[in-house]
Every structure is written in C-alpha cells, then in structure tokens.
Amino acid sequence: MNDYKRALNDVAGDMKASEQRLKNKLLHQKSPKRKKPFFLIPVSITALFMMLMASWFMTEVKVNTKQASSSIEENGILFDFYIAKEQLPFGESGNYKEVGFSNYLQALGVLELAKKYELTYNDEEYKEQFDQYSQYSDPENMGQQILEKANISQKQFDEQLFPMLIEISIYREKLKAVWFEKFPVMNDMSVGAYTVQQAELYMEQHFAREIELFQQKHQIAPSVIYGNMPITGVVAAVNDNVFYFIENMSAQELATLSEEQIFNQPEDKLASWMMNGKEVPVQVGDYIKLKYYGPNILDDKNEQAISINEDIKVLLPNERASEIQEVTFAEDARQQMEDLLQNKAWEDRIFTSIYNKPKYIVHTNDTSYTIWENNRKQFIVMPFGQSNVWVMYHRSSEKLKALIEENVTK
Amino acid sequence: MELEQIIEEYSNHLLRLAYFYTKNQAAAEDVVQDVLIKFYQSNYEERGQVKAYLTTMTINKSKDYLKSWAYKKIQLQTKWWMKTSDPDHVVQQEERSKIGAAILKLPLKYREPIILYYYEELPIQRVAELLELSENTVKTQLRRAREQLRPTLEGEWEVLNHE
C-alpha cells in the first residue's frame, strides 16, 4: 500500500459503524440514529436550555472578565473537552489524543497571547459572542455527547468550560485585529492561520518542559508541526511585512527574469508572498532560509496567498551574491559536465532538502546551472528556469567540482 | 449479485471514497446509499467490472453532493462545539493522520487526482479520462498537490528526504 493510501485510510478511520448503518438502511429498512440513544434526547434538550439560562444569567450579572489561567496542568476541563471532541466521532483509533492536545495547546496559546498583548473584553463583547454561539445548530446533540464523553457535568460546563470557550473565541478575534493592526499587509485567509501558528509557537517557546511532562503523563506522542523543515531561495520582491519568495533560485538567476516572469513561475515551483512577522530585514536578491507553513492557507482561487513562515535567516545578502562562484564552460568542459550529469538521480525537489546557499553557477552556451553541495558532499544541480533538481552521486560530484575549479583558475 | 453481497464486498471502499470527497461521514453514507440503490435498480449486467462501475458512480454522486444545496447548507451551519478549534476546525476534526488531513484540506482540483491516482491506484490515463483532462494536466495537478503537501510530507516522511 502506498503512503498516500495509508494516510487516507488513517484519516477516514474505522468505517464499520457507517457500514452497519448502511446495511440496516438498505437491508433491514432500519435507520438508527447516528450516535445518540433516545433516552438522552430529553436530557440534552434540558442541557441546552440550562446552558442558555446559565450563560444568560452570567451575562446579565456582569461576567467576571478575568482571564482563564493558561497553565497546562490547571485547565483539565478544557483538555478533557478537546480530547473528547476528537475522540467522539472516531473512537479510540487514530491520533485523537495528539490532535486534541494540539487544539488544547492552541487554546492556551491564545490566552497567553491575549495576556502578552494586554487584551481585555467587556460584558457586551461577551454577550455578543455568546449570542453567536447560541445561534449554531446542533441537531445531533454532539455538544452534549462531548460533555458526556469528557465526563463534564452541566454545572462544570456552565460555570467553567463555556465561559472559557467564549473567552478563547473572543481573544481569537481580538488577536486577528492585532495582526491586522500590526501588519500593513494581511488578509482574511492568512490571519487565522497566523493566530494558530503564533499560539503554538508561544506555547512551545515558553512551556516546552511542561508540555513534555504533560505529554509523558498522558501518553501523548510529541507532535510534528507543519513546515518544520527549512527551505531556501531568493527574495524577489518586498512589500512592507511581506516578501515574494522563490525557492531554489539565486540572485543571479533572478536577475535574468523580467517582472512578469518573476510572478509567473512554473506551476510546480514554490513561489509565494511570505509573511515576515518578526520583521527580519530582507532585501531583493537576498538568499534566505525559512520554515514554511504553506498548506493551511494555499487556496485554489488565490494563488498568491500570503504564506506563514518562521525562522527567516539570510544566508547570503544580495551585496555578497558574488560569493557564489560563477564559471563559464567552453564546449569541451560542457561536454564533460554533460557526461557527469548522466550519473545522477532525478529528484522531485519536494524530496530534496537544500539548507545551504548555492556554491557554484555554471554557464554553458545554452543553459545555466545552479549548484549546491549537501552535507554528504553531493552536488545538487538545477538548470535555470526549472523546478526539479538532479542529485549527483558522490564520485561524479567530486569530478564536477574539479572541473569547475580547473575552469575557474583558467 | 445480491445487494447484501455487494454491500459486504464494496461498501467499505465506497464509503471511504465518498468520505474523501465530502469529508463528512453522514454525507458519505447518504452518497453510498443512493449509489447502491441506483445500482441495484439498474439491472447491471455483470461484466467483471462491478467495482469500477460502483467507483465511478460514487465519484459522480459525491461531486453532485458537493454542488448541492444540502452541502452548502451544512457549510453554513457551524456548531458551537466546532467553533472551539482553529479556523480549519472541520478538517482538524478529521485529523487522525497529519498527511491524510493535509490531503483532505486540498482544494478538490488537487485532492481528486490524489484520491484517484494514489488511493484508487488508477493509471494516469484512466484518471485523465475520468476527470476529462489531458494526461499532462493530471500530472501537473498531482505535482501541485504534492507541492502543497510538501511541509507535511517532510515532517512525516523524513525517510523520503534525500539528506
């Protein structure tokens, strides 16, 4: 089974309950309710009523706007809620604990960021958020089922959990306003993803040890964060807090492109406007390394959505671009290089990690090549204008290196 | 072939397939139920291609569902317990596999070639026929889909990295 198929099977989870319902419907003309035994329906109606009453009451008598504590250990009820929310639809299979914990950390991160930015809210804002919540339909009483699964009583829900969820929701919205205020260039599609990323990062940076201990205690596997592998490339344009990034491109190659070409890269080449949240000074032509959080916000209709990234590091400023050794091959050297390139593996670039600045640029009469050296001393070669790379074997890399050095000295 | 036998043999596969399109278990059940009823009423003549036939019906029905009002209505009916996660809460809920979840997050344009090529294991030519696209376009869409999955692939399948 290929890895994509396995991943899709994992995400679909156990389909036995669906299969059984299908059988019942088609063979026995039965259509059992998806989850809920009938005797719980009155309970959930009562619960919904109580939830509304309790929360209205709290709103009317001036809700306490003190922020919830964001300590990882102290918010057990919130943790139980997020775990149950993941566990309920899919049972014990899959990584519901990891996903639930990740959502829990995000929520705590939102509270922490709210403290950092000294955000507060008033009763009116609480009521407004509550009104929004109360409008959502819940025909299958999933909310009630989650509470039961998490062993959270109605009283706990009314007095602790629900106010906390509303508070988190208010702060999420307020943080979005902070980002819009802080960054001249921001859009609706990116602002939510940026909030999530910042909340996660804050927790990781400030509570690493607590997170580790909590994960051990609750047997939660450490999470793998999207985009934790760095990529490198050139800054092709800068606009306030965003810059246009093209992966695996040098300043020299960038200089050969018209403005139209810069913004119309081949479909399979990573080129995108990127957030520069920490305002690392970058300029056009800089060769940089960053961590890319792409898939959350890339969109079918908006190909130039702003991508969230982190850890921007300038590997080679534009003014030092000439440190990449450039060499022009005459016909005989070109032929030798072509022979050496026969001994290479063609790699889709998504499976090839380049962490360093380019080492050489080789020009021949018809093509130019950017060449990197990886940690195994293998050359990674990419012709200008293309997106996929060739990874050369070690011995061929050494020979090409000698050929380049020889032609440089000529 | 009896209905019971068809359900036994194919429903699991079809439910998963419909789920990859609709991203909703209940909707997947409705889609497969309609497909099986229609199939049973169609007096299908066995030519050894039942699975392929049902697969095509499920794909078409799932796409009809995505265009339907029922789907759009569900999209509007956010529930309070769903609103308590990040903006991708609907997909987050489905996230038992980072990569699987990332695939489900892809727009249909890129998700569909991945489903057909990798999950259904159809050759490019057949994917192109089903989607009424050229083979080159299918290849490009697969590349773009993998591109969008890149950060997740690298995080999860480090063994595939060259270094």
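These values consider heavy atoms only, across backbone and side chains, with no hydrogens, waters or symmetry-generated copies. Residue numbering restarts at 1 for every chain, and letters A, B, ... go by the order of the sequence lines.
- If you check the side chains of B:E9 and B:Q5, you find a donor sitting under 3.5 Å from an acceptor.
- One finds a salt bridge joining A:K23 and B:E8 here, because a Lys/Arg side-chain nitrogen approaches an Asp/Glu carboxylate oxygen to under 4.0 Å.
- Of the two parts of B:F20, only the side chain, counted from C-beta on, holds a non-hydrogen atom closer than 4.5 Å to a non-hydrogen atom of chain A.
- Taking the six-membered ring where tryptophan is involved, the planes of A:F130 and A:F162 are perpendicular, since the angle between them exceeds 60° and thus also 30°.
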Next item on the list: Given side-chain contact (heavy atoms from CB on, under 4.5 Å), test A:F379 with A:W372 step by step and report yes or no.
Entry: CA-CA 6 Å; A:F379 277 6; A:W372 296 261; over 6 Å; no
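- Per-residue counts of heavy-atom pairs under 4.5 Å with chain A were compared for B:L106, B:I103, B:I37; the largest is that of B:I103.
- Both the backbone and the side chain of B:L15 have a heavy atom closer than 4.5 Å to some heavy atom of chain A.
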